[in-house]
There are 2 protein chains.
Amino acid sequence: MNAGSEPTNLRRAADEVVADIEARIASGELKNDKPLPTERELMEEFGTSRTVIREAVAQLANRGLVEARPRFRPVVRRPDYSTVIDATGTIVRYMLNEPDGVLNLYRSRVFIERGLVRDAALHATKEDIAALKAALARNKAALDDSDQFFESDMAFHEVLFNTSRNPIFPAVHKGFSAWLAPHWAKMDRSRERNLANYRAHKAIFDAILERDPLRAEEALVEHLRGAWEFVKDTFAEDGVDVPSL
Amino acid sequence: MNAGSEPTNLRRAADEVVADIEARIASGELKNDKPLPTERELMEEFGTSRTVIREAVAQLANRGLVEARPRFRPVVRRPDYSTVIDATGTIVRYMLNEPDGVLNLYRSRVFIERGLVRDAALHATKEDIAALKAALARNKAALDDSDQFFESDMAFHEVLFNTSRNPIFPAVHKGFSAWLAPHWAKMDRSRERNLANYRAHKAIFDAILERDPLRAEEALVEHLRGAWEFVKDTFAEDGVDVPSL
DNA sequence: TCTCTAGTTTGGTATGACCAAATTACCGCC
DNA sequence: GGCGGTAATTTGGTCATACCAAACTAGAGA
């Protein structure tokens, strides 16, 4: 992009170790779910101090390539799409402190899910329909148990994300759920709310069944808009003013 | 969520330091773009060894809250949405090694951009239209300079992402561009290709102008589908078989 | 006021040591 | 011989110290 007078990022010794271990994981030499060699072994192998090895392992852990529980041997973890989402977790959570953060995130979620239900209405397979139907049934069965309903509610939306047949989307849904959950947990819940949500889900499902993308999208938007009004209230309690969708 | 018989994730000493510094950044005590205290200061302040301090700083760096160039004092960086994207960079790149990774990512991109052009056709403001028009003009002006056209091509799509009026989307676009760019860079380019792309952009723009979401979406899909065929070729060279969109 | 330089500070790395928790080896008992 | 529990060993987490080279700072000189 720009000429070569840059600060010429020096290489840290740990970076080399990281790259090497990364390669070993990719090549399969270090197998999934198996522990890394001990720090002392690595240190001898790379001819560096434990300081460097530990920094390297920490980096790998932060990238999600290994899982490093304190006091335990780090374990190799071949990353998948939800690893990517997890990696963003702390920063996202940090940015959600600002109310606009939640709003923007929620809007993104609505945007994506709108597209998903449209596509579902157009292209949903028999299996998709069956999965939606099952999720819907679980909603209905959980009407009287708000905790359980909450779970089955998320599960219904997850099915929507699964219809994309693109593994990135379920991972994204997982992220949305995790990030927005704290606010949803504060929401008031009641049988009436559950019933309203169930009916909203059913409206979406029916529209998909009838292959009506427009109506499916509308139903979804109304559903999520309604939910947002309740999330808003959890902010209002803190005296924070949040706009509607 | 579950009772307390878990592996009881011990707290690492560094975590406390991380949390504390995080709080100082959030509170503004540590100001943006200003250097962190020296490691030796922090170590005295927290009453721990430099080992712990360094590990904490490394964590903060990995989360994007500070920028730590080797040999320089770490600098506080208040995270924004593209920080989140950057944080995923290494893992995403890692997963793009598998051809399915690129395919899934590209499909996600198409999915999102489809929604964006639909919405643009429905709700684009005068300013959006003007920005698109300007981007289009830059495409046309760069027809004969493939490097410049490539840039203006990405810029056109970026404008599409901007129409969302949600700062998350431009950040996502930045991610898509960065992750997919390596493959696009290998693509053959020529005046004809540039011209075809320009015309595709124009078709999208025209459809938006005429408030025709359906046609806008179709034009976009055809455009991106065409581009994918060329990306495919870069895989075919490596003997990797990649399906169509 | 600016430039160059010598001195100081600071991050990167290497050692070596110690602790507590985790793992392994071992042993006696059913 | 298989098993459960205990002792010995290994391993990750932390500390203290030292040294180097690069970055920074202050002061001399033009």
Side-chain angles (χ1 to χ4, degrees), chain A residues 4-22 24-25 30-77 90, chain B residues 4-22 24-25 30-77 90:
Chain A
S5 64
E6 290 299 279
T8 27
N9 264 1
L10 263 3
R11 213 185 170 62
R12 252 179 281 232
D15 294 343
E16 214 163 318
V17 179
V18 169
D20 195 295
I21 296 183
E22 246 178 44
R24 287 189 207 181
I25 294 178
L30 288 173
K31 280 173 221 147
N32 202 19
D33 292 327
K34 298 269 280 174
L36 235 48
T38 69
E39 296 179 352
R40 285 160 175 98
E41 277 169 346
L42 289 172
M43 123 186 207
E44 187 173 353
E45 189 172 344
F46 286 97
T48 78
S49 67
R50 200 140 81 89
T51 313
V52 170
I53 298 296
R54 284 184 58 73
E55 187 182 327
V57 172
Q59 271 192 54
L60 289 167
N62 277 317
R63 298 187 189 180
L65 290 176
V66 306
E67 182 185 329
R69 286 156 56 222
R71 295 236 154 253
F72 287 79
R73 288 274 281 286
V75 171
V76 175
R77 291 269 184 252
T90 34
Chain B
S5 65
E6 289 300 278
T8 29
N9 262 2
L10 261 4
R11 209 189 190 58
R12 254 179 278 232
D15 294 343
E16 215 163 318
V17 179
V18 169
D20 195 294
I21 296 183
E22 246 178 44
R24 287 190 207 180
I25 294 177
L30 288 173
K31 280 173 219 148
N32 203 18
D33 292 326
K34 298 268 282 178
L36 234 46
T38 69
E39 296 179 352
R40 285 161 175 97
E41 278 170 344
L42 289 172
M43 127 186 201
E44 187 173 353
E45 188 172 345
F46 286 98
T48 78
S49 67
R50 201 142 81 90
T51 312
V52 169
I53 298 297
R54 283 184 58 74
E55 187 182 327
V57 172
Q59 272 191 52
L60 289 166
N62 279 320
R63 298 187 189 180
L65 290 175
V66 307
E67 182 184 328
R69 286 156 55 224
R71 296 238 153 250
F72 288 80
R73 289 273 283 284
V75 171
V76 175
R77 291 270 185 251
T90 35

Practice task
Find which nucleotide of DNA chain C each of A:Arg40 and B:Glu39 is nearest to by heavy atoms, and output the residue with the more 5' nucleotide.
Solution key: B:Glu39
Handout entry: Short N-O contact, A:Arg24 and A:Glu45, less than 4.0 angstrom
Key = yes
Exercise for the section: Would you confirm whether A:Arg73, through its side chain, and A:Leu36, through its main-chain N or O, come within 3.5 Å as a donor-acceptor pair? Expected result: yes
Practice task
Can you tell me the distance, in whole Å, between the CD atom of B:Glu44 and the P atom of D:dT17?
Solution key: 13 Å
Exercise for the section: Measure the distance from CZ on B:Arg69 to P on C:dG12 and round it to the nearest whole Å. Expected result: 11 Å
Practice task
Measure the CD-CG distance between B:Gln59 and B:Leu65 for me, rounded to the nearest 0.5 Å.
Solution key: 10.5 Å
Problem - Between C:dG12 (C1') and A:Asp15 (CG): distance, integer Å - result: 12 Å
Fill in the blank from the handout: d(A:Glu39 CD, A:Arg50 CZ) to nearest 0.5 Å is 5.0 Å
Completion exercise
Rounded to whole Å, CE of A:Met43 lies from P of D:dT10 at a distance of 16 Å
Exercise for the section: Check whether any side-chain N or O of B:Arg73 sits under 4.0 Å from OP1 or OP2 of C:dG11, and answer yes or no. Expected result: yes
Fill in the blank from the handout: From the candidates D:dT14, C:dT10, C:dT13, the one with an atom nearest any side-chain atom of B:Thr38 is C:dT10
Exercise for the section: Scan A:Thr51 against the nucleic acid and name what it touches under 4.0 Å (heavy atoms): base, sugar-phosphate only, or nothing. Expected result: base
Exercise for the section: Measure from the side-chain heavy atoms of B:Arg50 and tell me the nearest of C:dG12, D:dT11, C:dA22. Expected result: C:dG12
Practice task
Take the protein atom CG of A:Leu36 and the nucleotide atom C1' of D:dT10, then report the distance between them rounded to whole Å.
Solution key: 16 Å
Completion exercise
Here the distance between atom C1' of D:dG13 and atom CD1 of B:Ile53, to the nearest Å, is 15 Å
Practice task
Verify, without hydrogens or angle tests, whether A:Asp20 (side chain) and A:Glu16 (backbone) share a donor-acceptor contact under 3.5 angstrom.
Solution key: no
Problem - Phosphate-side-chain proximity, A:Arg71 and D:dT11, N/O vs OP1/OP2 below 4.0 Å - result: no
Exercise for the section: Calculate the interatomic distance between B:Arg54 atom CZ and D:dC15 atom C1'; express it in whole Å. Expected result: 15 Å
Handout entry: Any B:Ser49 side-chain N or O less than 4.0 Å from OP1/OP2 of D:dC15
Key = yes
Handout entry: Separation of C:dT10 P from B:Glu41 CD (nearest whole Å)
Key = 6 Å
